[in-house]
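Residue numbering restarts at 1 for every chain, and letters A, B, ... go by the order of the sequence lines.
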Amino acid sequence: MLDINYIRENPDRVKEFSRQKGYAVDVDNVLRLDERRRSLTAAIDKLREQRNDLARQMKSSSKPSADTVTTGKRIKSELAKLEEELSYIDTDYTFLLKQIPNTPTDDTPVGETEDENIVTEEIGDLPEFAFDPKNHWEIAAARGWIDKERAAKVAGSRFAYLMGDLVKLQMAVMQFTINALTDEETIKSIIKSAKLTNISTKPFTPVLPPFMIKTDPYDAMDRLQPSEDRYKIEGDELWLQGSAEHVLGSMHADEIFAEADMPIRYLGYATSFRKEAGTYGKDMEGILRMHQFDKLEMESFTTAESSLGEHLFFVAIQRYLLEQLELPYRVLMKCTADIGKPNARGIDMEVWLPGQGKYRETHTADYMTDYQARRLKTRVRRASGAVELIHTNDATAFALGRILIAIIENNQTADMRVNIPAVLQPYLGGKTQI
RNA sequence: GGAAGCGUGGCCGAGUGGUUGAAGGCGCACGACUCGAAAUCGUGUAGGCAGAAAUGUCUCGGAGGUUCGAAUCCUCUCGCUUCCGCCA
């Protein structure tokens, strides 16, 4: 949620960037309700003051006079009336306020669709093959790695059984990533080679979070919508999480960190669930777009002044990880229409998939400033004693399904085997090929 | 799933209807002492909203109720702990 003070002071700017991000919002109505809300609050506070005064007076005398009791009753009924009106207004106000997206950073390109995202870099050489490269589902079928037919029988479309060496490969990627990001020396070298300054070298804490999340924290994270893309547990106010971000970012709701403990960095592993509403018929082959996929996700809580640096650090980690796996990729600066409602800035990375002859999204880095923290009430107490909202950052370490695709397609051999990137070999018993 | 108990400030913990937004302790900040530190002593220290401020108001898991007045009484609800049941 955006700061109402900011909206009051910059209504035109708020309208403009909301439009740029593609959100229909009623800023004027929010401001009108805000004004009504404040004047009602003032009136209510006044009445309460009277009530409290009265109660204070009465405390001293053992039997209150009939007169004061009557006054008390009058205050009580007036208060009830105003409080009821306030609660109506508050509901509308909050509803509208929640619809206003976060302010994009100045360097976020303005665009109306994701086609206007800007490719800022292409890294790594595209592989060349002496044969016609296959796509991952052809190779997987030949090797018995993916079974979607039986998955469809058991769970429906967009599910798969991953089997055999492909499973070992996923575990290897996971173990490699967890080891890298929990190692301070690795963190230091990433910061150094990215030439970042004033970045904490604190390693990530690995986390296995719950895969379900209650409605309230989900909504506070601003990730419940579009709820058509979420799986709800029937009969409960519970949902299957769509990303570890949802359960990691909300875990410190209503808490106040000590400044000395910042930043808080988590590397969460979670199976994520998405209905993929509105993608009918899209990416039906292979395992690119599934209802369920495993993901390693970075999430951090920082002070306001270090949050942009943290975002850049997360991007640097993503590059490091992709380069360690020797995958060719490109970096996209997401435009206003694509960064997402709670985002101030967003970077995507797309890996080259030779079997399909195109780049596909494997990573995203989201910078939320204090937008999520405001509703989560996640704060920090500064050394000075001041309490402020923290800033959240979230970014993919690896979406395992898609990275398996990338490894398969980029490292395939003519006989449909897959060469293993050097850094993963120790996690596969030294095997150079599967 | 059944039963009982418990949810108070950054943390622990008093408080069962009327200056209690809340004793005390820990922690933290500042100061004194010290060459410096530790120890000790002193002072300060919850958050939200409105306000330039003074100040007012709200919040003792959450929602609702009783009352002139609720952390304190009632109802519902959520969470935690323990015991039983079940179970990887």
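- For B:U40, the paired base is B:A32 (Watson-Crick or G-U wobble, both distances below 3.5 Å).
- Proximity of residues 372-382 of chain A to RNA chain B (heavy atom under 4.0 angstrom from any strand atom) is restricted to A:Arg379, A:Arg381.
- In this structure, A:Arg48 does not reach the B:C49 phosphate: none of its side-chain N or O atoms is under 4.0 Å from OP1 or OP2.
- For the pair A:Arg51 and B:G56, the criterion of a side-chain N or O lying under 4.0 Å from OP1 or OP2 is not met.
- Nucleotide B:G27: paired with B:U45 (Watson-Crick or G-U wobble, both distances less than 3.5 Å).
- With 3.5 Å as the limit, one finds a donor-acceptor pair spanning the side chains of A:Ser307 and A:Tyr367.
- Atom P of nucleotide B:C49 and atom CG of A:Leu97 are separated by 12 Å, given to the nearest angstrom.
- Following rounding to the nearest Å, A:Leu389 (CG) and B:G47 (C1') show an atom-to-atom distance of 12 Å.
- For the pair A:Gln50 and A:Ala42, nearest-nucleotide mapping onto RNA chain B gives the more 5' position to A:Ala42.
- Atom P of nucleotide B:G61 and atom CG of A:Asp216 are separated by 18 Å, given to the nearest angstrom.
- Nearest-nucleotide assignment on RNA chain B puts the 5′-proximal partner with A:Thr41, out of A:Lys46 and A:Thr41.
- Counted by atom type alone, A:Glu9 and A:Asn5 present zero donor-acceptor pairs between their side chains at under 3.5 Å.
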